[in-house]
Undergrad: 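Take this structure, written in structure tokens, and hold onto it; I'll ask about it next.
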Amino acid sequence: MIEKGGYIRDILASTAGAPATAHGWVKTRRDSKGVHFIQLSDGSCFADLQVVIDAGSIPEDILKHVTTGACVRISGDLVESPAAGQNVELRAREIELFGPADSQTYPLQKKGHTMEFLRDIAHLRSRSNTFGAVFRVRNALAYAIHSFFKERGFLYVHTPIITASDCEGAGAMFGVTTLDMQNLPRVKEGERKGQVDYTEDFFGKPAFLTVSGQLNAEIFALAFSNVYTFGPTFRAENSNTPRHLAEFWMIEPEMAFCDLQGDMKLAEAFLKYVIAKVMDECSADLDFFNKRIDNTVLETLENVVNNDFVHVTYTEAVKILEKSGQTWEFPVHFGADLQSEHERYLTEQTFKRPVIVTDYPKEIKAFYMRANDDGKTVRAMDVLAPRIGEIIGGSQREERYDVLLDKIRQQDLNEEAYWWYLELRKYGSAPHAGFGLGFERLMLYLTGMKNIRDVIPFPRTPGSAEF
RNA sequence: UCCCCGUUAGCUCAAUGGCAGAGCGUUCGGCUGUUAACCGAAAUGUUGAUGGUUCGAGCCCAUCACGGGGAGCCA
């Protein structure tokens, strides 16, 4: 194991003049007459360690296997580099070959790969510059999220992955079962005769992978005041876009004694905090994204950190869109949900930064959102980001028992399934609010990457669950 | 799921219905310290699959598979 201090990140940060040992994978090799150059990476930082090998100093039967993709341990002396491009370099004395990589078949070259090709070799793509940067940023972002909430006293709650409640209502769900699919037990008699007999199943009833931890988080918010979840989430929607995954990670804070204003305030502080943190900790990686992936990324992120978000109500947004003079594929009018083209116009043309749209018509939002006094709208908010679209969706929750019960009945939901959700309003209810944020969507925003499949290690999408 | 585009060497892409091509990578050789090194040479093909049209199909037609962009659903 590499001890602290032995990562290439640490070696590059140390001063010349001492022995050093590096472990890693060869990214490229350049040969000249009297000297060989190796770029070595162990994933600990964006920069490679340049290793210099004098001709004849390493046995030929080892050196010939030190090719792109090979894994080695190299011991030598850390010296000042005479050439531009790096401060220090490792002058090799001894090389131990762990795993060669046949250069005739190793698929990673030093240039010219498309994201689609790299996705097909997801077991090797993490060794590339781009995916090294992506997953270091992903790591830093995850830690930044936890530290944001920890600094504010939030309790981190592990909401269940498997749920037997069919009331989550946020899209199609994956079933979870131990029944023999080739030989399903059937109900023998009565009204449900012939249907699958779930009393035989593991949980005694149909079970699913969670589509949201929100309802569970609300339980904890009404006991621990401020809580958040951060975990995997599953949607069985047949969505084929650069913005959707069947398995993704979601962050869901939930705050008691909080209204929509407080919710928006937290959402904005959250985005600014985590972006600033990643900019601070992964500057080399972000520089790479700005140079090779999207040359507006740094400018965009600085803009987000340094400016207040724009707030508009749904009603105002509709007016802006109506007056825009644009021709829309989907007409704009009060009561219609905002389409992608509308969101993009608001974020990319009108305001050119994240926009929080609030107070949507009740008909197009979920039953649990708190009704406004106008009788037409609910206290919902969507944070829209340029290029990404909806990055956060949240609301103040309906805390009044009677109003919530009415909503459940009006929308023809199964009242009994929500018994515990209703009881939260019966015993010690409190105004509360929260939001859901797609972790990978935030990754897209931070990195400038174009496809959500390229910001998660092993993407799961309709028809694809490789690796 | 719908609309549009695509699938040719390891990769990125060319190729009027008439001999299958280039760049990169790889291999070999050269080069006094390179930075996506440079110079020279060589090897590399079931043109996504299955049918069809044609004297002749990488190219035209049909179906399917896979990929990309847009849309819907949403985070």
Side-chain angles (χ1 to χ4, degrees), chain A residues 27-39 47-55 64 67-69 79-86 89 91 101-121 124 128-129 169-172 211-214 230 232-252 291-292 328-330 337-344 364-366 382-385 388-394 435-445 450-456 461-464 466:
Chain A
K27 204 168 264 176
T28 71
R29 169 173 169 175
R30 297 177 294 276
D31 294 311
S32 194
K33 181 156 191 181
V35 64
H36 311 276
F37 296 95
I38 308 287
Q39 297 299 126
D48 303 320
L49 175 65
Q50 173 159 285
V51 178
V52 186
I53 303 166
D54 286 322
K64 73 180 178 192
T67 56
T68 302
V79 299
E80 279 183 39
S81 179
Q86 58 282 317
E89 61 191 23
R91 186 164 281 273
D102 183 358
S103 51
Q104 301 235 30
T105 55
Y106 186 67
L108 277 179
Q109 301 169 11
K110 72 181 69 172
K111 59 186 172 183
H113 290 310
T114 58
M115 295 301 161
E116 293 77 25
F117 173 68
L118 290 168
R119 206 177 295 146
D120 288 339
I121 50 165
L124 298 172
S128 68
N129 285 334
V211 292
S212 166
Q214 180 198 316
F230 183 3
T233 309
F234 307 88
R235 302 279 167 88
E237 302 286 353
N238 191 6
S239 299
N240 294 285
T241 83
R243 303 179 305 283
H244 290 86
L245 291 164
E247 176 184 289
F248 63 100
W249 289 63
M250 191 153 66
I251 297 106
E252 295 174 291
K291 191 172 157 198
R292 289 291 177 89
W328 305 110
E329 189 187 339
F330 296 91
D337 208 353
L338 298 181
Q339 303 294 316
S340 285
E341 56 174 344
H342 308 139
E343 296 180 354
R344 295 188 75 133
I364 59 175
K365 288 293 180 185
D382 283 355
V383 181
L384 310 178
I388 314 297
E390 185 179 340
I391 198 166
I392 287 180
F435 61 78
L437 172 133
F439 185 59
E440 286 78 14
R441 292 216 176 147
L442 186 52
M443 279 293 296
L444 289 178
Y445 197 61
K450 300 292 181 292
N451 194 312
I452 202 163
R453 297 163 196 203
D454 299 326
V455 295
I456 189 168
T461 53
S464 175
E466 294 304 305

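None of the values given here were measured: they were computed from a predicted structure. Throughout, protein chains are lettered first and strands after them, A, B, ... in sequence-line order, and every chain is numbered starting at 1.
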Undergrad: Please give the nucleotide sitting opposite B:rG72 as a Watson-Crick or G-U wobble pair, both distances under 3.5 Å, or none.
TA: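 Its partner is none (no Watson-Crick or G-U wobble pair with both distances under 3.5 Å).
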Undergrad: Describe the nucleic acid contact of A:Leu245 in one word from base, sugar-phosphate, nothing, applying a heavy-atom distance below 4.0 Å.
TA: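 Base contact - A:Leu245 has a heavy atom under 4.0 Å of at least one base atom.
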Undergrad: Write down the distance between CZ (A:Phe117) and P (B:rA9), rounded to a whole number of angstrom.
TA: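 Between P of B:rA9 and CZ of A:Phe117: 12 Å.
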Undergrad: Would you kindly give the OH-to-P distance between A:Tyr106 and B:rU27, to the nearest whole Å?
TA: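 After rounding, the gap between these two atoms is 14 Å.
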Undergrad: Give one of base, sugar-phosphate or nothing for A:Ser103, where a contact means two heavy atoms less than 4.0 Å apart.
TA: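 Touches sugar-phosphate only.
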Undergrad: State whether the distance check finds a donor on one side and an acceptor on the other, under 3.5 Å, for side chain A:Asn240 versus base B:rU1.
TA: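 Per atom types, the contact qualifies.
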Undergrad: Using a 4.0 Å heavy-atom cut-off across all strands, classify A:Pro462 as base, sugar-phosphate, or nothing.
TA: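 The residue A:Pro462 makes no contact with any strand.
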Undergrad: Across all strands, who's sitting opposite B:rG67 as a Watson-Crick or G-U wobble pair, both distances under 3.5 Å?
TA: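 B:rG67 is paired, partner B:rC5.
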Undergrad: Without decimals, in angstroms, what is the distance between A:His342 NE2 and B:rA71 C1'?
TA: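 Result: 13 Å.
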Undergrad: Would you kindly compare A:Gln50 and A:Arg453 by the position of their nearest RNA chain B nucleotide and give the one closer to the 5′ end?
TA: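 Taking each residue's closest nucleotide, the earlier one in sequence belongs to A:Gln50.
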Undergrad: For A:Lys450 and for A:Leu338, find the nucleotide of RNA chain B with the closest heavy atom, then tell me which residue's nucleotide is more 5'.
TA: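 This one resolves to A:Lys450.
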Undergrad: Does a side-chain N-to-carboxylate-O contact under 4.0 Å join A:Lys365 and A:Asp382?
TA: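 A salt bridge is present here (some side-chain N lies under 4.0 Å from a carboxylate O).
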Undergrad: With both distances under 3.5 Å as the test, what is the Watson-Crick or G-U wobble partner of B:rC55?
TA: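 B:rG18 is the nucleotide pairing with B:rC55.
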Undergrad: Once you apply the 3.5 Å cut-off to both distances, tell me the Watson-Crick or G-U wobble partner of B:rA62, or none.
TA: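 The answer is B:rU50, by the H-bond criterion.
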